[in-house]
Amino acid sequence: MSDFEYTELPVRARQALANFVLREDLLAERLQRYADVRPRREDHDGDTEELDGVVFTHHFADVPGDQETVRWHYVEAGSGAPVVFLHGMPDSWFLWHHQMAALSDSYRCIAVDLKGYGQSEKGRGDYRQAGAAEQLVALLDTLGLDRFTLVTHDRGTVQGDHVAAGHPERVRHYVRGEQHLHHFNPELAPHDDLIAEAPWTGLLDDAKRFAVWAHTTLARLPVADEDMRRIIQEFSYPGIARAVPRYHMASTFRKEWLARRRDLIPRWRAPMTLVQGWDSHTQPREFFTDAGKYLLGVSEVDVRYLPGGHFWPVECPQETTALLREVLAR
């Protein structure tokens, strides 16, 4: 396959895509369920909260770079060998709170709000995935994280790919979730153009509607109500609707796919566990069955599937935690 040939969609994935229509009555019902969700106050450095019986601490760090100073929000729980968690869209650090709580008995769990999301920086600046990833590495430098396990999901995986390629000696193990690898078909990514046009179409103006729509269409297992309420709040902080589209204006899914195949994959070295939802619509499981033959420089490759769809950290939190604990124990 040349760099310019898209992967043909498997029959099962094409059928699933054809049935991928959200009933407006179901969305209305879900929105009514969360009609009372109100914005959450912003945190301050050192604030704590208890989730799943574990204390989480909020932190903020202003990290200077060549072009700009980025204000990061990140949350920690536990102590021990560091594990860095990166979320996707429309999410925040909170995507990983179940796993962080469970693993905090043995590990220092650090979840970052990506630039443009949650309570991190949302101003104008570098929103190229490579640039944002290097700014993220500068945060990890500030935190003194020389070696860490990297756990990613969706859009966080795009930046994680750059971290793993640019700093392979620092990544102990790369747990890579819910993002195209070697194969790609643009029919699975129509939202790329939609989000790039969001400032004009208003697609992200109603954060609650967008978050509920995404989790209703892409999840295959129920997300707990208390989790969904916080997910809505974390995606509703001021500035997100303007900041997030900047990534899509700076690049396209096609450019990311080609850059990954041409430049990033050949530079990956850390052991890798590829994690996908068994019924994920956005990245069909058939695209990952022969993943090892594309990752020739990776010392160890394991492909794992979790129950449900795209949002498995909150769809099947116990199974996700068990998988991570297994990987970390190696």
Side-chain angles (χ1 to χ4, degrees), residues 42-63 65 70-89 91-121 132-164 166-178 230-231 234 237 270-273 275 313-314 317 320-321 323-325 327-329:
E42 295 190 7
D43 293 287
H44 298 88
D45 191 64
D47 282 354
T48 62
E49 63 176 305
E50 186 174 309
L51 298 167
D52 291 355
V54 171
V55 175
F56 288 70
T57 304
H58 294 263
H59 295 286
F60 291 84
D62 295 317
V63 181
V70 178
R71 182 167 178 80
W72 294 98
H73 172 243
Y74 63 97
V75 181
E76 287 199 55
S79 61
V83 183
V84 175
F85 295 86
L86 304 181
H87 65 85
M89 181 185 182
D91 282 301
S92 67
W93 74 271
F94 184 78
L95 175 73
W96 300 106
H97 77 282
H98 291 303
Q99 290 72 46
M100 295 173 69
L103 297 172
S104 65
D105 60 359
S106 303
Y107 302 94
R108 180 187 178 191
C109 298
I110 305 159
V112 183
D113 277 346
L114 295 177
K115 183 181 178 182
Y117 292 82
Q119 298 178 71
S120 283
E121 180 71 41
E134 283 305 305
Q135 292 174 331
L136 176 63
V137 170
L139 169 66
L140 302 182
D141 290 342
T142 300
L143 301 183
L145 301 181
D146 295 327
R147 291 267 289 167
F148 48 88
T149 298
L150 183 61
V151 182
T152 66
H153 184 270
D154 188 53
R155 305 309 294 163
T157 296
V158 182
Q159 294 188 32
D161 286 350
H162 285 275
V163 174
H167 307 273
E169 74 287 350
R170 299 179 66 169
V171 181
R172 294 182 184 274
H173 197 112
Y174 186 12
V175 183
R176 183 186 189 276
E178 288 298 317
R230 182 65 176 268
I231 289 167
E234 292 290 332
Y237 287 112
M272 185 175 294
T273 301
V275 187
V314 287
T320 302
T321 297
L323 173 58
L324 292 180
R325 196 177 289 280
V327 168
L328 290 166

message = Any heavy-atom pair between the side chains of V163 and F148 that's under 4.5 Å?
response =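 Touching, per the 4.5 Å side-chain cut-off.
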
key: Contact check, side chains of E178 and T157, non-hydrogen atoms, under 4.5 Å   =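 Heavy-atom side-chain distance check fails, nothing below 4.5 Å.
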
From [X] [atom1] over to [Y] [atom2], what is the distance, rounded to the nearest 0.5 angstrom?
| X | Y | atom1 | atom2 | value |
| --- | --- | --- | --- | --- |
| L136 | H162 | CG | NE2 | 12.0 Å |
| L140 | H167 | CG | NE2 | 9.0 Å |
| D146 | E169 | CG | CD | 9.5 Å |
| D45 | Y74 | CG | OH | 7.0 Å |
| I110 | H59 | CD1 | NE2 | 9.0 Å |
| T152 | D161 | OG1 | CG | 7.0 Å |

Do you know which two heavy atoms are closest between [X] and [Y], and how far apart they sit?
| X | Y | result |
| --- | --- | --- |
| C109 | S104 | SG-N, 4.1 Å |
| L95 | Q99 | O-OE1, 3.8 Å |
| W72 | A132 | CH2-O, 4.5 Å |
| A101 | L51 | CB-O, 3.9 Å |
| A61 | L139 | CB-CD1, 4.0 Å |
| D113 | S120 | O-OG, 2.6 Å |

task = Begin from the C-alpha positions of F94 and V75 and carry the test side chain to side chain contact (heavy atoms under 4.5 Å, CB included) through to its verdict.
result = CA-CA 9 Å; F94 184 78; V75 181; over 6 Å; no

message = Do the side chains of D91 and R155 get close enough for a salt bridge, i.e. N-O under 4.0 angstrom?
response =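 A salt bridge is absent here (no side-chain N lies under 4.0 Å from a carboxylate O).
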
query = Under 3.5 Å, is there a donor-acceptor pair between the H98 and T321 side chains?
reply =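 No.
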
task = May I ask you to check whether H44 and Q119 show a side-chain donor-acceptor distance below 3.5 Å?
result =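 Per modelled atom types, H44 and Q119 side chains form no pair under 3.5 Å.
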
From CA spacing to verdict: side chain to side chain contact (heavy atoms under 4.5 Å, CB included), V137, R170 = CA-CA 10 Å; V137 170; R170 299 179 66 169; 3.6 Å; yes

In terms of ring plane angle, is the pair [X] and [Y] parallel, tilted or perpendicular, where the classes change at 30° and 60°?
| X | Y | answer |
| --- | --- | --- |
| Y117 | H87 | perpendicular |
| W96 | F85 | tilted |
| H58 | H73 | parallel |

key: Audit row: M100, V151, side chain to side chain contact (heavy atoms under 4.5 Å, CB included) steps and yes/no   = CA-CA 11 Å; M100 295 173 69; V151 182; over 6 Å; no

task = Could you walk me through whether R325 and L103 pass the side chain to side chain contact (heavy atoms under 4.5 Å, CB included) test, one step at a time?
result = CA-CA 7 Å; R325 196 177 289 280; L103 297 172; 3.8 Å; yes

ask   = Picking from Q159, Q135, E121, what satisfies side-chain hydrogen bond (donor to acceptor under 3.5 Å, both in side chains) with K115?
value =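 Of all the options given, the one that passes is Q135.
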
message = Among T142, D141, L143, exactly one meets side-chain contact (heavy atoms from CB on, under 4.5 Å) together with L145. Which residue is that?
response =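 Among T142, D141, L143, the one meeting side-chain contact (heavy atoms from CB on, under 4.5 Å) with L145 is L143.
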
